[in-house]
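Order of the sequence lines fixes the chain letters, A, B, ..., with proteins taken first and strands second; residue numbering starts at 1 for each chain. Owing to the predicted nature of the structure, the values given are computational and were not obtained by experimental measurement.
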Number of protein chains: 2
Amino acid sequence: MLVERRRSVASQATTILAERIRSQIYAPGSRLPSESELAAELGVSRASVRSALARLAAEGMVLRKQGDGTYVNARLENLPTTLDGLWNFLRLIEFSGRAPSIRVLSRTVRPATESEVEALALEEEEPVFFLQRVFYADNTPAILAGNAIPLAALRLPPEQCDGQLPIDELIATCCGAQIAYDIFDIGAVLPDAETRAVLELAEARPLLHLRQVFYDRQNEPLLCGSSHYDDKLLGLRLVQSWT
Amino acid sequence: MLVERRRSVASQATTILAERIRSQIYAPGSRLPSESELAAELGVSRASVRSALARLAAEGMVLRKQGDGTYVNARLENLPTTLDGLWNFLRLIEFSGRAPSIRVLSRTVRPATESEVEALALEEEEPVFFLQRVFYADNTPAILAGNAIPLAALRLPPEQCDGQLPIDELIATCCGAQIAYDIFDIGAVLPDAETRAVLELAEARPLLHLRQVFYDRQNEPLLCGSSHYDDKLLGLRLVQSWT
DNA sequence: CAGTGGTCTAGACCACCCA
DNA sequence: GGGTGGTCTAGACCACTGC
């Protein structure tokens with residue numbers, strides 16, 4: 001049943017169970033087989049099954065009741081269902097049921113701004129590769145995102161960095177690094193005229209402002225982003241599980 | 001070492017390690033003892049230690065490197081450090097280093113609004129207990145929060161519901177229920193005049209709008225909230241760990 | 001190569017729920 | 001009481017890192 005070599009047993013079990021829920025093999029509101037039964041059926045230990053169920057529970061797909069059982073959440077339609085909790089603009093658009101695409105607005109090398117110097121721990125005026133992109137949902141502009149990478153961190157020349165890539169792959173190919181974690185700050189702003197034009201907003205309504213800093217496995221800040229996010233168009237939703 | 005009966009060993013280990021990091025017994029950037037050493041020292045299994053470390057890693061407090069070791073994040077000052085990932089207005093204010101307090105603006109029983117009917121799966125016009133509160137950070141108003149609970153879900157009369165309680169305790173004491181999970185929608189809005197007055201905003205700057213629905217262990221929607229959040233004052237920050 | 005974290009197992013006991 | 005999820009353990013093997 002679980003034969004892939006490269007993915008962990010627990011991760012494969014997660015996928016299998018999530019798929020059964022999505023396809024209603026386990027109907028909304030119904031009780032799943034017990035952990036022991038699932039372990040026997042999948043040919044893995046109970047610990048692995050528990051790891052999978054814990055993940056599904058954290059995302060709200062199942063509800064666990066001690067002494068009773070594990071139930072499929074009957075309100076699945078309310079959930080973000082990202083299945084890994086990571087916010088990635090392309091996938092946020094995909095999950096909203098629309099086709100994502102990216103248009104590169106500009107790609108320049110320029111001195112770091114004051115906030116970039118602070119976020120990326122740079123020297124004053126240190127050059128950064130700045131990539132400005134628009135994320136479309138079904139051809140409607142939803143996000144205007146600007147990303148800055150210290151020139152010193154690039155292993156490819158800026159002109160070879162593929163602007164169509166999601167952030168983790170961008171960092172992987174252009175910097176040869178892996179993201180360890182990132183920090184998100186969420187705020188509300190009134191967009192300036194330029195932003196409004198790019199996002200084709202008729203009125204001057206407020207947008208979400210997402211500021212992110214991505215760190216690599218050496219804990220060096222590798223990329224910082226400043227994005228204007230049209231929450232009316234896309235929605236920003238998260239689930240919190242209360243142990 | 002780990003003797004409390006009511007908390008799990010893994011949870012106690014988490015607290016101990018977090019405390020050692022906070023007090024710099026494990027200095028920023030330094031390597032922690034190996035999992036086996038910690039297990040031996042704390043008198044628990046390696047699995048319990050791993051559970052604790054996994055939690056700290058998810059919040060960015062430590063960085064784990066296979067084949068190398070576990071390191072204290074040297075950039076702790078950037079982290080939200082909630083140590084359980086749950087957003088609770090009182091604790092968000094506390095963690096920002098300010099003194100939280102609550103003022104109850106109004107407590108009424110009124111028919112549910114259209115959006116409450118939808119969020120709470122009510123009948124049209126069904127009565128709800130509506131509690132409007134202001135959360136202060138060091139006596140500066142930071143959040144205007146409105147919470148609606150179906151009257152049918154209350155086990156205490158509305159006038160006996162303590163408006164000073166955080167949301168989980170409010171639900172515990174007034175409804176006799178426990179929160180299983182909640183769903184958050186984050187948006188940006190321009191506050192109306194009334195909201196602006198309550199939050200003592202001079203200009204008409206945009207605020208975060210948080211809409212929440214809390215579900216109990218029976219998966220019934222118990223409470224919905226609509227809050228205006230001054231992100232300039234408080235900040236809304238989260239960490240994402242990329243496995 | 002030795003030591004680290006990553007994965008997985010089998011088995012045990014507990015707390016809890018329901019019939 | 002019998003079954004469920006919640007916790008914990010001991011031990012094994014693997015993948016990776018740094019020396």
Under a plain distance cut-off of 3.5 Å, with no hydrogens placed, do [Y] and [X] share a side-chain donor-acceptor pair?
X: D182(B); Y: W242(A); value: yes
X: Y181(B); Y: N219(B); value: yes
X: T15(A); Y: R7(A); value: yes

When the distance from [atom1] of [X] to [atom2] of [N] is rounded to whole Å, what number comes out?
X: L63(A); N: dG6(D); atom1: CG; atom2: C1'; answer: 16 Å
X: L53(B); N: dT7(C); atom1: CG; atom2: P; answer: 14 Å
X: R217(B); N: dA15(C); atom1: CZ; atom2: P; answer: 18 Å
X: R31(A); N: dT4(D); atom1: CZ; atom2: P; answer: 7 Å
X: Q218(B); N: dC17(C); atom1: CD; atom2: P; answer: 10 Å
X: R46(A); N: dT4(D); atom1: CZ; atom2: P; answer: 10 Å
X: Q12(B); N: dT9(D); atom1: CD; atom2: P; answer: 11 Å
X: E35(A); N: dA10(C); atom1: CD; atom2: P; answer: 15 Å

Does the salt bridge (charged side-chain N to carboxylate O under 4.0 Å, His left out) test come out yes or no for E37(A) and R46(A), once each step is laid out? CA-CA 9 Å; E37(A) 287 170 338; R46(A) 196 184 143 211; over 6 Å; no
Heavy-atom nearest nucleotide on DNA chain C for D68(A) versus S34(B): which residue maps closer to 5'?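 Its nearest nucleotide lies further toward 5', so the answer is S34(B).
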Relative to the 5' end of DNA chain C, which residue comes earlier, E37(B) or A47(B), by the nucleotide with the nearest heavy atom?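 By nearest-heavy-atom nucleotide position, the 5'-most residue is E37(B).
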Think [X] has a side-chain N or O under 4.0 angstrom from the OP1 or OP2 of [N]?
X: R50(B); N: dG6(C); answer: yes
X: R64(B); N: dG6(C); answer: yes
X: S36(B); N: dG3(C); answer: no
X: S8(B); N: dC8(D); answer: yes

Atom CD of E123(B): over 12 foreign heavy atoms under 6.0 Å: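 No, the 6.0 Å shell around CD holds no more than 12 heavy atoms from other groups.
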Out of dC8(C), dA15(C), dT7(C), which has the shortest distance to the side chain of Q66(A)?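 Of all the options, the side chain of Q66(A) is nearest to dA15(C).
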By the 4.0 Å heavy-atom rule, please label T70(B) as base, sugar-phosphate, or nothing.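 Since only primed, P, OP1 and OP2 atoms lie under 4.0 Å of T70(B), the category is sugar-phosphate.
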